[in-house]
Amino acid sequence: MARLALLIALLVLWLGPGSGAAWAHAQLIASSPADGAVVATAPDAVRLTFNEPVAPVRLGLVGPDGTIVDLAATAQDATVAAALPPLGGSGTYLVSWRVVSSDGHPVGGTVGFSIGAPGARPTIDADARPAAFAASQVAIRFLVTVLMTLGVGGTAFTILTGRTARSLAGMRRIVGIVALAVVPAAGLGFALQGADVLGGSFGAVATPAAWRAALATSVAPAAILAAGSGLLAFLATAAGPARPALAALLAGLAWLVGAGSFAATGHAAMAEPRPFMGLAVFVHAAAALYWLGALVPLGGALADRTADPLPLVERFSRTAVVLVALLAATGLGLAVVQMEGLGAFVETPYGRLLAMKLVGVAALLAIAAYNRQILTPRLATARRSPRLALIRSIRIEMVIGLLVLAIVAGWRLTPPPRALHAADRAGISAHAHTAAAMADVSVRPGRRGANAAAIALMTGDFGPLPAREVAVSLRPDQAGIEPVRRQARLAPDGRWHVEALPLPLAGRWTAEIEILISDFEKTTLKTELEIRP
């Protein structure tokens with residue numbers, strides 16, 4: 001089992017993104033002042049617009065001399081705003097920001113603007129989480145999900161479906177203990193979330209600041225519901241056969257509360273349309289908890305030679321038909337919203353993980369169909385071989401189920417395609433400025449690969465700048481790569497466009513905009529672009 005867990009962890013990390021930038025799920029799509037903008041007078045506020053609602057954690061203003069001033073930020077839906085103090089003089093300023101998206105994932109970055117004229121860009125410490133910290137969050141998510149599946153889902157099955165099966169008497173105690181283990185595991189996940197919000201340090205896990213930070217995220221209700229479901233499931237098993245009505249009530253509540261914990265946070269539950277997505281996640285989780293949670297008790301019942309397992313297996317088989325239908329329908333709806341196109345299955349880490357999950361689920365469905373149509377009817381013959389074959393089949397289902405749960409936990413490392421597409425539609429922008437001319441440059445999608453650019457030209461005093469020709473040349477910081485040069489064309493919208501702009505590398509690129517104003521006048525503007533992976 002230890003080797004299997006190690007294999008699962010390595011597989012998920014290998015399929016996940018290669019850089020910390022992809023761990024975050026909210027995407028910055030615009031800022032005011034725009035990143036790289038040159039303004040004549042100091043702005044009185046800064047505004048950051050994201051692709052989804054966020055909660056600010058920290059905003060700081062970095063002056064030209066490197067001093068940092070904390071800003072008091074407020075959030076309204078997807079926009080974070082903060083008033084700026086009086087700015088002393090010209091130069092380049094940076095706004096360092098860190099927010100938590102509605103699905104509970106923190107993200108940070110910087111935007112810069114200049115007053116009067118660009119100056120030297122201040123340097124700040126990189127805000128990056130170590131890979132080990134990200135891996136620990138995947139591990140704790142996996143652990144909590146497995147414990148809830150075995151404990152809460154197993155309790156729901158043993159009490160609601162198998163309450164009359166004598167072979168499950170011992171299993172009730174086991175699933176109850178496993179369910180109780182959900183409480184400390186959910187608490188640890190909650191503490192890790194708070195440390196993640198503060199920057200990703202293991203040393204912050206036990207600090208009050210981490211717990212306060214976690215309380216401000218959507219992970220807080222999810223952790224409370226998860227712990228509550230584990231406690232309810234334990235109490236249900238403790239109620240025992242002597243109080244079957246109370247045990248059934250507590251088991252049903254534990255099952256529903258456990259499914260609700262998955263719908264309280266996460267990128268799927270927080271996507272639009274929110275009511276549909278939240279309900280779909282709830283139903284999807286409820287079906288998965290019950291189906292996978294039933295496997296261990298069912299295998300135990302089959303191993304008990306003193307009782308006839310056929311009635312229990314048949315009851316579960318009938319229930320499984322409904323669960324599979326709900327699981328498939330809700331899974332399809334969630335995938336359609338999250339993926340936004342079939343190409344994401346091969347182009348994004350999220351899509352590749354989803355493809356692997358679908359393969360695993362398809363294997364589970366095939367085994368379940370074989371069990372229902374072939375092995376379950378053979379149990380009526382009371383022979384030894386059908387019982388052993390069904391036990392082996394259930395064991396295979398358990399292993400595949402663990403792989404599927406590990407893949408689901410791996411989504412903690414990568415944003416869904418819908419979030420990436422929102423950022424792609426916004427693209428990235430930069431500003432270039434001299435005394436004679438200015439240019440606002442936007443590049444879409446702003447990622448490694450094929451792009452398109454649009455350039456708006458102005459005079460140094462923000463007036464219209466007619467030009468005869470415009471050319472764009474981009475050079476990456478990495479050595480050994482030749483510049484990408486393209487001619488732009490004037491479009492009816494008044495901007496100069498480049499339709500095919502291949503940018504093969506992620507990272508910082510230097511852009512030069514060559515503007516031919518007349519036969520005797522030419523000017524060149526420079527700016528920098530940060531191309532996303």
Side-chain angles (χ1 to χ4, degrees), residues 19-37 39 42-85 87 91-115 121-129 133-134 193-201 204 209-210 212-214 216-219 270 415 419-420 422-423 426-431 446 508 528-533:
S19 66
W23 294 342
H25 288 200
Q27 304 282 324
L28 179 69
I29 59 176
S31 64
S32 175
D35 189 23
V39 296
D44 57 2
V46 62
R47 291 176 178 81
L48 307 175
T49 303
F50 297 84
N51 65 305
E52 61 182 51
V54 297
V57 176
R58 182 178 66 249
L59 262 74
L61 177 68
V62 186
D65 58 355
T67 59
I68 302 177
V69 177
D70 289 333
L71 304 176
T74 60
Q76 184 176 5
D77 294 330
T79 299
V80 174
L84 295 176
L87 303 182
T92 297
Y93 295 79
L94 297 180
V95 176
S96 175
W97 53 269
R98 187 169 182 81
V99 300
V100 177
S101 56
S102 60
D103 58 17
H105 296 82
V107 55
T110 59
V111 294
F113 63 91
S114 301
I115 301 175
R121 190 177 180 92
T123 58
I124 59 175
D125 293 334
D127 187 15
R129 289 164 287 170
F133 191 89
Q193 169 68 17
D196 191 20
V197 170
L198 296 180
S201 170
R212 287 194 300 268
T217 71
S218 61
V219 171
M270 296 301 165
L420 298 177
I428 59 175
S429 60
H431 181 89
R508 191 169 294 276
E528 292 184 335
L529 297 167
E530 189 70 30
I531 301 301
R532 299 188 297 264

Colleague: After noting the C-alpha distance and the side-chain angles of Leu71 and Leu61, does the key distance pass the side-chain contact (heavy atoms from CB on, under 4.5 Å) rule?
Modeller: CA-CA 7 Å; Leu71 304 176; Leu61 177 68; 4.2 Å; yes
Colleague: I need the minimum non-hydrogen distance between Gln193 and Val219, along with the two atoms involved.
Modeller: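 Looking at all heavy atoms of both residues, the shortest contact is CD-CG2, 3.6 Å.
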Colleague: Which atom names give the shortest non-hydrogen contact between Leu94 and Gly112, and what distance separates them?
Modeller: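 Shortest heavy-atom separation between Leu94 and Gly112 comes out as CD2-CA, 3.7 Å.
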Colleague: Can Leu84 and Asp44 be said to form a side-chain contact (heavy atoms from CB on, under 4.5 Å), step by step?
Modeller: CA-CA 5 Å; Leu84 295 176; Asp44 57 2; 5.9 Å; no
Colleague: Roughly how far, to the nearest 0.5 Å, is the CG atom of Leu59 from the OG1 atom of Thr110?
Modeller: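 Reported value, rounded in 0.5 Å steps: 11.5 Å.
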Colleague: Please enumerate all residues that pass side-chain contact (heavy atoms from CB on, under 4.5 Å) together with Thr49, with sequence neighbours excluded.
Modeller: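 Expected list: Ile29, Ala30, Thr79.
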Colleague: With Thr74, which residues qualify under side chain to side chain donor-acceptor pair (under 3.5 Å), at least two apart?
Modeller: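 Not a single residue meets the side chain to side chain donor-acceptor pair (under 3.5 Å) criterion with Thr74.
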Colleague: Write down the atom of Ala73, the atom of Val80, and the distance for their closest heavy-atom approach.
Modeller: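 Taking every non-hydrogen atom into account, CB-CG1, 3.9 Å.
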Colleague: Can you say whether the rings of Phe113 and Tyr93 are parallel (under 30°), tilted (30 to 60°) or perpendicular (over 60°)?
Modeller: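 Parallel, since the angle between the ring planes stays under 30°.
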Colleague: If I take atom CZ from residue Arg508 and atom CD from residue Glu528, how far apart are they, to the nearest 0.5 angstrom?
Modeller: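 One gets 4.5 Å once the value is rounded to the nearest 0.5 Å.
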Colleague: Looking only at heavy atoms, which two atoms of Ala45 and Pro33 are closest? And how far apart?
Modeller: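 Heavy atoms only, the tightest pair is O-CD, 4.0 Å.
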Colleague: Do Val99 and Val57 come close enough that some side-chain heavy atom pair is under 4.5 Å?
Modeller: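 No, too far: nothing below the 4.5 Å cut-off.
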Colleague: Testing the basics here: between Leu48 and Ser31, what is the closest heavy-atom pair and its distance to 0.1 Å?
Modeller: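 That would be CD2-CB, 3.8 Å.
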Colleague: Checking Ala210 now: which residues fulfil side-chain contact (heavy atoms from CB on, under 4.5 Å) with it, not counting sequence neighbours?
Modeller: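 Ala210 satisfies side-chain contact (heavy atoms from CB on, under 4.5 Å) with Leu198, Thr207 only.
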